[in-house]
Number of protein chains: 2
Amino acid sequence: MSGTLDVQEAVAGLCCPPVTGAPLSGEAAAELARVLAALADPVRLRLLSLVASRAEICSCNLEGPLGKSQPTISHHTKVLADAGLIIGERRGRWTWWRVDAGRLAAVREALGG
Amino acid sequence: MSGTLDVQEAVAGLCCPPVTGAPLSGEAAAELARVLAALADPVRLRLLSLVASRAEICSCNLEGPLGKSQPTISHHTKVLADAGLIIGERRGRWTWWRVDAGRLAAVREALGG
DNA sequence: TACTGATATCGACGGCCGTCAATCTACCAG
DNA sequence: CTGGTAGATTGACGGCCGTCGATATCAGTA
């Protein structure tokens, strides 16, 4: 809206200027690295794509396709949620997950988008 | 050029459909995870931004700003180069590094760009 | 209140990663 | 050839991460 806002405005919680711009500060690099570390796992990438493939998905629908134990799935959903990439909501006995598209876009922008 | 080419065409060596599309295969997830793991380190992110801040940069200009030992810098440049994110060229006694912008763009697209 | 089922947490094991000192290799100057 | 310098490689150490069995928590149901 305002003319004073730039690329970093769209960066949901991620305060990193693009890596392709000026040299990153230690703090900005650490914060971006934390989110990227959450993404840098095959199981979590597949989990993320499963969540993204629908508006919402229940934890119980993740164990089967991913072929991992229930504690492992719970661990990975927590890592992605802590990184802000997915959002969980408990309804009754089930936990429903959805992607935070803004956060994912923020990562792309931090990567020089 | 051809009309048959789509998003994946621009993905320099990265054959991953976007995570926001259909669920990722195990192989696609593993390959994307490998590149993201190379990015998921504060020192390497700062190194990458240093390389990106100029057309080229010499290894000897990295140790100072990053505050790491020479073997550590050499290790990190190798990790980034193996991931295809930077390209090194040896000229005389020095090694010059530059960013592979296409590869970085490929990562962004794999992340749903 | 008990009982069942869905998730979260804990504890432990094995393996991978970042770091650096020491060493090796390659290149240029003399 | 010899010396000096830039960079790569090796080996070792410490710590973090993915995984799962066991257990705890928490919501709905009878």
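Side chains are part of it too, since the values below use all heavy atoms of this structure and drop only hydrogens, waters and symmetry mates. Sequence lines set the chain letters: A, B, ... in the order given, protein chains first and strands last, and positions in each chain run from 1. All values reported here derive from a predicted model rather than from experimental measurement.
Checking the phosphate oxygens (OP1, OP2) of C:dG18, no side-chain nitrogen or oxygen of B:K68 falls inside 4.0 Å.
The shortest distance between side-chain heavy atoms of A:P65 and A:L50 falls below 4.5 Å.
The residue among A:R90 and A:A37 whose nearest nucleotide of DNA chain D lies closer to the 5′ end is A:A37. Of the two residues near DNA chain D, B:S74 and A:H76, the one whose nearest nucleotide lies more 5' is B:S74.
Distance from the side chain of B:R93 is smallest for C:dC27 among the nucleotides C:dC27, D:dT19, C:dC20. Side-chain atoms of B:K78 lie closest to D:dT9 of the nucleotides C:dT9, D:dT19, D:dT9.
With hydrogens and angles ignored, no donor-acceptor pair under 3.5 angstrom links the side chain of B:Q70 to the base of D:dA6.
Note that CH2 of A:W96 and CG of A:N61 are 6.5 Å apart. Values are rounded to the nearest 0.5 Å.
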Applying side chain to side chain donor-acceptor pair (under 3.5 Å), run through A:T72 and A:S69 and close with a yes or a no.
CA-CA 5 Å; A:T72 299; A:S69 71; 3.0 Å; yes

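Nucleic acid contact class of B:S69 (heavy atoms, under 4.0 Å, all strands): base. Residue contacts shown for A:R44 are limited to sugar-phosphate atoms, with no base heavy atom under 4.0 Å away. Residue A:S59 is classed as a sugar-phosphate contact, given heavy-atom separations below 4.0 Å to backbone atoms only. Backbone-only contact: B:T95 has heavy atoms under 4.0 Å from sugar-phosphate atoms and none from a base. Counting any heavy atom pair closer than 4.0 Å across all strands shown, A:H75 reaches a base atom.
The interatomic distance linking B:L66 (CG) with C:dC20 (C1') rounds to 15 Å, in whole Å. If you take CG of B:L47 and P of C:dT19, they are 11 Å apart, rounded to a whole angstrom. Distance, B:W94 CH2 to D:dT5 C1': 9 Å, rounded to whole Å. Rounded to whole Å, atom P of C:dA6 lies 19 Å from atom CD of A:E89. Distance CG (B:D82) to P (D:dA8): 11 Å, rounded to an integer number of Å. For the pair A:L80 CG and D:dC17 C1', the computed distance is 14 Å after rounding to whole Å. Atom pair B:E63:CD and D:dT5:C1' shows a separation of 12 Å (rounding to whole Å applied). If you measure from atom CZ of A:R34 to atom P of D:dC17, you get 11 Å, rounded to the nearest angstrom.
Between the A:R108 side chain and the B:L111 main chain, a donor and an acceptor come within less than 3.5 Å of each other.
A:E27 CD: 12 or fewer foreign heavy atoms inside a 6.0 Å radius.
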